[in-house]
S.K.: 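Before we start, here is the structure in question, set down as structure tokens.
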Amino acid sequence: MNIFRLLGDLSHVLAILILLLKIWKTRSCAGISGRSQLLFAIVYTARYLDLFTSFVSPYNSIMKILFIAASYGTIYLMFMKFKATYDHNHDTFRIEFLVLPCIVLALAVNHEFSPLEILWTFSIYLESVAILPQLFMVSKTGEAESITSHYLFALGSYRALYLLNWVYRYYAENHYDWIAIVAGIVQTVLYCDFFYLYITKVLKGKKLQLPA
Amino acid sequence: LKGKYLKDEL
């Protein structure tokens, strides 16, 4: 555990809390992509099946359970409890275009051709692109509420901080995993446009609005 | 552990 890794994890927890609080306090999931949230639930389910096969630390297990529980909690709030507020007319990204290539890629490029390893690899690939339906939704409506922007910033920062963690671990521990690193770079790059808008607009008190 | 190394990251 190093500072980048810890900050990355905390940023991820913060993103989850912001999202759940936004939905709960405003009794609305307007502006949130249910398709991205569905992909995240698939990601954590596929990745953390190792909860049953290997134990790393209490911290590791608690975080995994938290991420799985929060993703299903979000799904429940969006598709059941606050279903009426779900903006599905703007949430139209075809997720099969993300899921199917990730399945094929995970079968083709992995560390070991075993069920758990392939599921882990699939989850890493899918996570890297899971935010696309959400970003597509923001670009379609041309704006995002500030709270949604904070959520996206925290969620994007998490993998960016993991990149620093991997640089650190490469030098300090000679540990590296090309699959996670390449996917992490892709994931972070997808947020770059949003990061720019967040820093130049939202942090200056303006609403995130895309240029017409 | 099944894999080649421990997946200690999240």
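Letters A, B, ... mirror the listed sequences (proteins, then strands); counts begin at 1. Values reported hereafter were calculated over all heavy atoms of this structure, with side chains retained and with hydrogens, waters and symmetry mates removed.
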S.K.: In this structure, are over 12 heavy atoms from other groups packed under 6.0 Å from Tyr170(A) atom OH?
M.R.: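 Open.
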
S.K.: Tell me if the CG atom of Asn2(A) is crowded by more than 12 foreign heavy atoms within 6.0 Å.
M.R.: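 More than 12 within 6.0 Å, yes.
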
S.K.: So, taking the atom named NZ in Lys7(B) and the one named NZ in Lys64(A), what distance separates them when rounded to the nearest 0.5 Å?
M.R.: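 Lys7(B) NZ to Lys64(A) NZ: 10.0 Å, rounded to 0.5 Å.
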
S.K.: Testing the 3.5 Å rule here: is there a donor-acceptor pair between the side chains of Glu9(B) and Asn165(A)?
M.R.: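 There is such a pair between these side chains.
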
S.K.: Let me confirm one number: the CZ-CG distance from Arg169(A) to Asp8(B), rounded to the nearest 0.5 Å.
M.R.: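 Here the rounded value is 4.5 Å.
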
S.K.: Has Phe136(A) got more than 12 heavy atoms of other residues, nucleotides or ligands less than 6.0 Å from its CZ?
M.R.: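 More than 12 within 6.0 Å, yes.
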
S.K.: Counting only heavy atoms closer than 4.5 Å, note whether Asp9(A) contacts chain B via side chain, backbone, both or neither.
M.R.: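 Just its side chain gets close to chain B.
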
S.K.: Okay, side chain of Tyr162(A), backbone of Leu10(B): is any donor-acceptor separation there less than 3.5 Å?
M.R.: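 Side chain of Tyr162(A) to backbone of Leu10(B): a pair is present.
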
